[in-house]
Protein chains: 2
Amino acid sequence: MRLVVAQCSVDYTGRLTAHLPLATRLLIVKADGSVLVHSDGGSYKPLNWMSPPCQLKVVDRADVEDTADDPTDDPAPLPEEDWVQQWDVVHAKTGDRLRVRLHEILEDTSVELGIDPGLQKDGVEAHLQALLAQNIETLGTDWSLVRREYPTAIGPVDILARDADGATVAIEIKRRGEIDGVEQLTRYLDLLNRDPLLAPVRGMFAAQAIKPQAKVLAHDRGIDCVTLDYDALRGIDDAESRLF
Amino acid sequence: MRLVVAQCSVDYTGRLTAHLPLATRLLIVKADGSVLVHSDGGSYKPLNWMSPPCQLKVVDRADVEDTADDPTDDPAPLPEEDWVQQWDVVHAKTGDRLRVRLHEILEDTSVELGIDPGLQKDGVEAHLQALLAQNIETLGTDWSLVRREYPTAIGPVDILARDADGATVAIEIKRRGEIDGVEQLTRYLDLLNRDPLLAPVRGMFAAQAIKPQAKVLAHDRGIDCVTLDYDALRGIDDAESRLF
DNA sequence: GCCTGAATTTCGACT
DNA sequence: AGTCGAAGTTCAGGC
């Protein structure tokens with residue numbers, strides 16, 4: 001990994017065209033050749049970047065414009081033109097280009113990091129689904145689980161259950177309930193209700209938080225909404241597991 | 001901005017729980033207190049991070065465990081326990097926590113960057129929409145623009161146009177055409193067709209690339225698909241502007 | 001301010 | 001390898 005702090009301007013051409021005016025920034029060149037351009041703010045997203053696989057070519061201004069002209073003949077370059085080194089980064093597959101022109105290099109260090117063991121995660125949607133499946137009775141007395149990831153032609157339904165009356169319920173689980181989740185559940189319900197062995201199937205939209213628009217659309221389509229409390233579900237689960 | 005290269009382990013608790021085992025990484029502390037943990041690979045996303053607004057507290061091991069015990073009495077610490085400095089970063093609003101334990105510091109530099117003028121973009125969906133609106137006749141002879149961002153109760157339709165027969169066409173534009181774009185257009189069409197002054201309104205799904213599943217769904221609902229060539233549209237636009 | 005939709009999204013799982 | 005859905009998404013624009 002190479003870390004450079006420099007006054008630089010940046011141009012990107014690929015999916016879109018973008019330009020960064022001259023300013024002091026952090027440039028990171030990773031082992032795979034990828035380049036990140038960071039400012040001293042924003043969030044984790046760089047101002048500009050090139051993803052791997054790509055190749056970096058460094059060009060020194062002196063090597064390019066080493067003419068025999070008398071320097072006194074040259075007009076003073078504009079600040080934007082007064083670079084000393086240029087990085088040309090080209091994406092190996094898409095051909096996207098990133099050009100960094102360095103004007104003044106304030107820091108330049110390289111360091112060997114080695115491969116990273118990687119991040120271990122816990123507590124996302126898959127976990128919510130497992131917890132709700134294991135505690136399906138929190139949705140109502142005498143509810144029972146049919147199965148998780150119930151397969152259909154257009155994809156698996158998160159949870160299929162039966163309510164106290166034995167009616168089938170298709171449950172769509174999201175961390176955050178938004179309108180597209182309701183659309184997804186609607187497609188499942190359309191399909192499931194064509195199956196005479198299952199029909200009538202009603203829908204339930206379950207999420208840690210559901211946006212008002214999603215609630216309105218769900219209600220309009222006769223889909224119930226329920227807010228999940230991850231900590232509470234985990235608490236129930238822990239309490240149950242302690243019984244054994 | 002502070003740049004630290006160090007052997008470290010990281011723990012995050014917030015929306016989820018995550019852990020990074022001991023390894024050598026780059027740590028970036030930005031002016032707003034935000035912290036990024038980068039490895040020498042992956043893409044622009046850090047392995048872990050804390051977004052602003054947040055506060056960083058640095059704790060030295062020596063200050064915490066400065067006991068009077070005879071050092072020979074202490075059992076040799078496990079590698080994971082053998083840290084020399086700890087960073088506690090707490091998000092000001094959500095309370096999310098990031099803990100970085102530094103074991104060996106290989107680099108530690110600070111640099112003043114100042115505020116960044118920011119990225120200038122070109123060629124995103126808004127631009128596509130403007131270009132297509134200005135060149136609506138590329139969709140068919142004698143087509144005409146009704147208006148961009150045609151307002152409805154559930155949001156604005158990207159473009160409303162009339163075809164050669166005077167029939168109304170609602171156009172949904174995406175950079176990449178996917179299934180939710182078709183769903184969106186379907187909702188607009190349902191609504192627009194309830195308006196006797198407009199009905200019948202047909203739909204057109206326009207994107208630089210449309211996924212097969214989206215095409216199938218669009219076709220199934222009688223929605224036409226069209227692939228937009230951004231460079232060609234821009235070319236037409238440039239050519240037209242040169243006429244004046 | 002919240003809310004909504006796009007993103008050079010990136011990332012992971014599954015087909 | 002392609003496709004699809006989620007993300008501690010982040011980001012920009014509208015109300």
Side-chain angles (χ1 to χ4, degrees), chain A residues 10-18 34-37 42-52 54 89 91 93-98 118-119 121-129 149 151 154-156 158 172-181 183-184 207-214 230, chain B residues 10-18 34 36-37 42-52 54 89 91 93-98 118-119 121-129 149 151 154-156 158 172-181 183-184 207-209 211-214 216:
Chain A
V10 184
D11 286 279
Y12 168 78
T13 313
R15 308 287 278 268
L16 53 70
T17 305
S34 58
V35 176
L36 315 186
V37 182
S43 68
Y44 70 65
K45 201 175 177 183
L47 291 166
N48 216 325
W49 71 93
M50 180 63 74
S51 326
C54 63
V89 195
H91 195 275
K93 291 185 174 176
T94 63
D96 290 12
R97 287 174 168 276
L98 187 75
L119 189 70
K121 285 187 183 182
D122 178 32
V124 281
E125 184 191 313
H127 212 113
L128 267 180
Q129 190 194 106
E149 301 284 349
I154 54 172
D158 286 342
E172 176 65 31
I173 300 172
K174 295 284 177 202
R175 199 176 54 74
R176 288 182 187 180
E178 295 176 26
I179 211 161
D180 58 342
E183 293 289 8
Q184 193 181 340
Q208 285 185 282
I210 302 177
K211 297 203 169 172
Q213 289 215 355
Y230 179 73
Chain B
V10 183
D11 285 277
Y12 167 78
T13 312
R15 306 289 278 268
L16 53 68
T17 304
S34 60
L36 315 186
V37 182
S43 66
Y44 70 66
K45 201 175 177 184
L47 291 166
N48 217 324
W49 72 93
M50 180 62 75
S51 329
C54 63
V89 196
H91 195 276
K93 291 184 173 178
T94 62
D96 290 14
R97 288 174 168 277
L98 187 74
L119 190 69
K121 286 187 183 183
D122 178 32
V124 282
E125 185 190 313
H127 213 111
L128 267 179
Q129 191 195 107
E149 302 285 348
I154 55 171
D158 286 341
E172 175 65 31
I173 300 171
K174 295 284 177 202
R175 202 175 52 74
R176 288 183 186 177
E178 295 174 27
I179 210 161
D180 57 342
E183 294 288 10
Q184 195 180 340
Q208 284 185 282
K211 295 202 171 174
Q213 289 215 355
V216 171

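These numbers come from the heavy atoms of this one structure, side chains and all, not from hydrogens, waters or symmetry mates. The sequence lines fix the lettering, A, B, ..., with proteins before strands; numbering per chain opens at 1.
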Student: So, does B/Trp49 get its side chain near the phosphate of D/dT9, meaning an N or O under 4.0 Å from OP1 or OP2?
Tutor: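 Indeed not, no polar side-chain atom of B/Trp49 lies that close.
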Student: Give the minimum heavy-atom separation between A/Ser51 and A/Ser34, together with the two atoms involved.
Tutor: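 Nearest pair, atom of A/Ser51 first, then A/Ser34: C-CB, 4.3 Å.
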Student: Find the distance between CG (B/Asp11) and CZ (B/Arg97) and round it off to the nearest 0.5 Å.
Tutor: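 Rounded to the nearest 0.5 Å, the CG-CZ separation comes out at 12.0 Å.
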Student: Rounded to whole angstroms, how far apart are CG on B/Leu47 and C1' on D/dA7?
Tutor: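 The distance from CG of B/Leu47 to C1' of D/dA7 comes to 16 Å, rounded to the nearest Å.
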Student: Nearest heavy-atom pair of B/Asp158 and B/Ile173: which atoms, and what distance?
Tutor: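 Closest heavy-atom pair between B/Asp158 and B/Ile173: OD2-N, 2.7 Å.
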Student: Using a 4.5 Å cut-off on heavy atoms from C-beta on, say whether the side chain of B/Gln129 contacts that of B/Glu149.
Tutor: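 When only atoms from C-beta onward are counted, B/Gln129 and B/Glu149 do touch, with a gap below 4.5 Å.
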Student: For the pair made of CG in A/Leu119 and C1' in D/dT9, what is the distance, rounded to whole Å?
Tutor: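 About 14 Å, once rounded to whole Å.
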Student: Between P on C/dA7 and CG on A/Asp96, what's the gap in Å once rounded to a whole number?
Tutor: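 Nearest whole value for this atom pair: 15 Å.
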Student: Please list, chain by chain and in numerical order, all residues satisfying side-chain hydrogen bond (donor to acceptor under 3.5 Å, both in side chains) with A/Thr94, sequence neighbours excluded.
Tutor: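 So A/Thr94 forms a side-chain hydrogen bond (donor to acceptor under 3.5 Å, both in side chains) with A/His91, A/Asp96.
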Student: If you take all heavy atoms of A/Tyr12 and A/Trp49, which pair is closest and at what distance?
Tutor: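 Of all heavy-atom pairs spanning A/Tyr12 and A/Trp49, the closest is CD1-O, 4.5 Å.
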Student: Identify each atom pair where a protein N or O and an N or O of nucleotides 11-15 of chain C are less than 3.5 Å apart, giving names and distance.
Tutor:
unit_1 : atom_1 : unit_2  : atom_2 : d
C/dC11 : OP1    : B/Ser43 : OG     : 3.2
C/dC11 : OP2    : B/Ser43 : OG     : 3.0

Student: Taking CG from B/Asp122 and C1' from C/dA7, how many angstroms apart are they, rounded to a whole number?
Tutor: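 Roughly 15 Å, once rounded to whole Å.
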Student: Would you indicate what B/Ile173 reaches in the nucleic acid, counting non-hydrogen atoms under 4.0 angstrom: base, sugar-phosphate, or nothing?
Tutor: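 No contact.
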Student: What's the NZ-P distance between B/Lys93 and D/dT10, to the nearest Å?
Tutor: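 Nearest whole value for this atom pair: 13 Å.
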Student: Whole-Å distance between C/dA7 C1' and B/His127 NE2?
Tutor: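 These atoms are roughly 17 Å apart.
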Student: With a non-hydrogen cut-off below 4.0 angstrom, is A/Met50 in contact with a base, only sugar-phosphate, or nothing?
Tutor: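 Nothing: the residue A/Met50, judged by heavy atoms under 4.0 Å, touches no strand.
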Student: Rounding to an integer number of Å, can you tell me how far B/Gln129 CD sits from D/dG14 P?
Tutor: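 The answer, rounded to whole Å, is 11 Å.
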Student: To the nearest Å, give me how far apart CD (B/Gln208) and P (C/dA7) are.
Tutor: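 The answer, rounded to whole Å, is 9 Å.
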Student: Touch check for B/Ser51, heavy atoms < 4.0 angstrom, all strands: base, sugar-phosphate only, or nothing?
Tutor: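 The residue B/Ser51 makes base contact.
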Student: Can you confirm whether A/Leu98 sits close enough to A/Val35 that some side-chain heavy atom of one is under 4.5 Å from a side-chain heavy atom of the other?
Tutor: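 The answer is yes; the side chains approach within 4.5 Å.
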